[in-house]
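First up is the structure itself, then whatever we jot down about it.
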Amino acid sequence: MKRFTLAVLGVVGCSVVLMGCGLLRQSVGLMVNERDNYLEAPEAEMISVPSDLEGGRIADIWEIPEIEEIPAAKYYANATPRPISIVGDADPNLIRIQKLGERSWMVVQRKPDTVWPLVRQFLTFNGAEVATEDATEGVIVTKPLAVTSAQSTSMLHTMIRAENPEASDNDFLIFRVEQGMRRGSSEVHLKYLDDSNQLKYVDWSLPSAHSEVTNAILRQIAQFEVDDVSDEAVSRVGQEVAVVPKIELIRNNVGFPSLRFNVDFERTWATVLSAIERSPYDVAARERDSRLIELVIDEAKLDRSQREAISQLLLDIRKRRDTEDPLAIQLRVSPYQQVNDIEPQRSDGNELTLELAEHFLVMIQQFAS
């Protein structure tokens with residue numbers, strides 16, 4: 001009898017629990033669940049704003065950051081696109097002098113809005129006044145430095161006299177702060193001029209006429225940053241600096257990608273070769289006149305994720321490994337004034353898939369510096 005009573009109580013208890021759960025999902029009853037009420041919510045009437053109110057007072061209290069658009073999804077008709085992989089890392093504390101032939105510039109792993117005030121503070125610290133500045137171009141021009149003056153005892157003036165015995169009081173400096181190749185980095189370019197008329201013909205793709213002096217000044221600025229003499233400042237003016245990125249992934253009207261370098265051909269060519277050297281791939285051939293670079297793909301140098309990313313290509317390479325014309329990936333540089341586009345292709349003439357093209361271009365972008 002006792003067992004029968006317990007069984008009855010158990011059945012009744014389960015019924016009560018199930019009934020309670022049912023009530024929790026209802027929109028009427030003792031316990032109302034309002035979670036799905038928005039599905040039946042009617043549209044409210046438009047608010048009538050009095051005409052005497054000032055619309056200028058309405059503004060966002062918090063700054064909304066820009067979201068980088070990645071438009072690859074619309075080019076995948078039957079599959080979900082994979083996220084763009086990151087194949088290289090940057091040292092966040094790195095500051096160095098970069099060289100290409102006789103040209104040199106400083107690379108800082110910080111955004112231009114913090115590097116712009118760094119240059120301004122360096123000049124102020126050394127008693128050099130600014131004549132003009134143009135944030136949209138990233139350009140700062142100093143007043144004549146009065147290098148030979150007896151009062152010029154700063155480290156900047158002392159170094160200029162040591163490196164350039166022919167320096168005069170009319171010599172001045174022109175800086176250009178730009179976005180770097182890597183995201184969140186900046187570049188500082190410098191020219192030492194001795195005639196104000198030279199400002200009309202400044203070509204940043206050419207080396208400075210006083211390369212020893214400019215290199216020494218850039219090293220001073222780098223040391224100025226390393227020694228933590230400058231204040232951690234963010235310039236609102238500097239936020240306008242170099243809005244055009246040095247390197248960007250673009251697509252044609254059918255979605256096929258190419259990598260655009262907004263620098264001259266000499267620097268584009270050197271940057272691509274340098275990026276490949278730091279990547280898991282090697283350069284098989286380079287034809288500068290035809291602007292063609294051919295990659296060697298050594299499967300043994302790839303990690304598991306890299307082999308998976310180019311698995312189909314590796315199969316094609318194995319099939320043609322012993323032929324007279326083995327399969328390779330080629331990168332063609334298409335220059336136009338100060339813009340150069342990198343387009344990947346297969347050496348056998350067959351079409352390269354969008355995913356593989358994006359893989360090699362992103363690899364170059366991540367290893368570029």
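Across Y192 and S208, no two heavy atoms sit closer than the pair N-OG, 3.7 Å. Between R332 and S290, the shortest heavy-atom contact is NH1-O, 3.2 Å. Taking each heavy atom of P144 and N170 in turn, the nearest pair found is CB-CA, 4.0 Å. Closest of all the heavy-atom pairs between G180 and K246 is O-CB, 3.7 Å. Closest approach of I364 and A275 over heavy atoms only: O-CB, 3.7 Å. Across every non-hydrogen atom of R120 and I140, the tightest pair is CD-CD1, 3.7 Å.
Looking at I160 and D171, their side chains never come closer than 4.5 Å, going by heavy atoms from C-beta outward. Residues I247 and N262 have side chains not in contact (no heavy-atom distance under 4.5 Å, counting atoms from C-beta outward). Within the 4.5 Å cutoff, the side chain of R291 has heavy atoms near those of the P335 side chain. V107 has its side chain out of reach of I95: every pair of non-hydrogen atoms, C-beta onward, lies at least 4.5 Å apart. A heavy-atom distance below 4.5 Å is not found between the side chains of W269 and N340. Counting heavy atoms from C-beta on, the side chains of W105 and E178 never come closer than 4.5 Å. Within the 4.5 Å cutoff, the side chain of P344 has heavy atoms near those of the L361 side chain. For the pair H210/D194, a side-chain contact is recorded, criterion being any heavy-atom separation below 4.5 Å from C-beta on.
Salt-bridge formation is not detected for the pair D134/R176: no Lys NZ or Arg NE/NH1/NH2 atom is positioned less than 4.0 Å from an Asp or Glu carboxylate oxygen. Look at R267 and E187 and you find a salt bridge, because one of the NZ, NE, NH1 or NH2 atoms lies within 4.0 Å of a carboxylate O, short of that distance. Under 4.0 Å is where a charged nitrogen must lie from a carboxylate oxygen, and between E358 and R251 at least one such pair does. Electrostatic pairing of E294 and R286 does not count as a salt bridge here, judged by no charged N lying under 4.0 Å from a carboxylate O. Here E266 does not pair with R103 in a salt bridge; the nearest charged N to carboxylate O distance is not below 4.0 Å. Between E308 and R304, at least one side-chain N (NZ, or NE/NH1/NH2) sits under 4.0 Å from a carboxylate O, which counts as a salt bridge.
Taken together through direct or relayed side-chain contacts under 4.5 Å among Ile, Leu, Val, Met, Phe, Trp and Tyr, L292 and M363 form parts of separate hydrophobic clusters. Using a 4.5 Å cut-off between side-chain heavy atoms of Ile, Leu, Val, Met, Phe, Trp and Tyr, with links allowed through other members, L100 and L206 fall into different hydrophobic clusters. L218 and F125 fall within the same hydrophobic cluster, where Ile, Leu, Val, Met, Phe, Trp and Tyr residues are linked whenever their side-chain heavy atoms come under 4.5 Å apart, directly or through other members. Side-chain heavy atoms closer than 4.5 Å link hydrophobic residues (I, L, V, M, F, W, Y) into clusters, and following such links, even through other members, never connects V339 to V333. Clustering ILVMFWY residues whenever any of their side-chain heavy atoms sit less than 4.5 angstrom apart, transitively, puts V213 in the very cluster that holds I97.
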Quiz prompt | side chain to side chain contact (heavy atoms under 4.5 Å, CB included) between L327 and I297, intermediate numbers included | solution = CA-CA 10 Å; L327 175 60; I297 300 176; over 6 Å; no
Quiz item: Does the salt bridge (Lys or Arg N to Asp or Glu O under 4.0 Å) test come out yes or no for D316 and R346, once each step is laid out?
Solution: CA-CA 11 Å; D316 294 344; R346 289 170 58 123; 3.1 Å; yes
Quiz item: Going through the distances and angles, do I276 and L331 end up as a side chain to side chain contact (heavy atoms under 4.5 Å, CB included)?
Solution: CA-CA 11 Å; I276 296 172; L331 302 171; 3.9 Å; yes
Quiz prompt | Pair R318-E299, side chain to side chain contact (heavy atoms under 4.5 Å, CB included): steps then yes or no | solution = CA-CA 10 Å; R318 292 175 197 143; E299 190 172 349; 2.6 Å; yes
Quiz prompt | Stepwise side chain to side chain contact (heavy atoms under 4.5 Å, CB included) check, F175 with L123 | solution = CA-CA 11 Å; F175 292 87; L123 294 174; 3.8 Å; yes
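For the pair T142 (side chain) and L173 (backbone), a donor-acceptor distance under 3.5 Å is present. Proximity of a side-chain donor or acceptor of T158 to a complementary backbone N or O of M155 within less than 3.5 Å is not detected. A donor-acceptor distance shorter than 3.5 angstrom exists from the side chain of T214 to the backbone of S211, with no hydrogens or angles considered. Listed for the H157 side chain is a donor-acceptor partner under 3.5 Å among the backbone atoms of L145. The main-chain N or O of F367 is found under 3.5 Å from a side-chain atom of R278 such that the two form a donor-acceptor pair. The backbone N or O of T148 sits less than 3.5 Å from a side-chain atom of D169, completing a donor-acceptor pair. Side chain of N126 to backbone of L156: a donor-acceptor contact under 3.5 angstrom is found. Between the side chain of K111 and the main chain of G184, no donor-acceptor pair closer than 3.5 Å is present. Put simply, the side chain of S274 never gets that close to the backbone of A270: no donor and acceptor are under 3.5 Å apart. At least one donor-acceptor pair closer than 3.5 Å links the side chain of S186 to the backbone N or O of R110.
In this structure, CD on E212 lies 8.0 Å from CD on E102, to the nearest 0.5 angstrom. Atom-to-atom distance recorded for T114:OG1 and Q109:CD is 11.0 Å, nearest 0.5 angstrom. To the nearest 0.5 Å, the span separating CG on D341 from OG on S334 amounts to 6.5 Å. To the nearest 0.5 Å, the span separating CD on Q365 from CD1 on I342 amounts to 11.5 Å. Between I329 atom CD1 and L356 atom CG the span is 7.0 Å, to the nearest 0.5 Å. We find the CZ-OG distance between R307 and S311 to be 11.0 Å, quoted to the nearest 0.5 Å.
The aromatic rings of Y281 and F360 sit tilted, their planes meeting at an angle between 30° and 60°.
Grouped with V139 in one hydrophobic cluster are V141, F172, I174, L193, L199, V202, W204, the linkage being side-chain heavy-atom contacts under 4.5 Å among Ile, Leu, Val, Met, Phe, Trp and Tyr residues.
The closest side-chain donor-acceptor pair between S305 and D303 falls under 3.5 angstrom.
Within the structure, ring pair (Phe, Tyr, Trp, His ring centres under 6.0 Å) contacts touching residues 302-323 (residues at least two apart or in different chains) do not occur.
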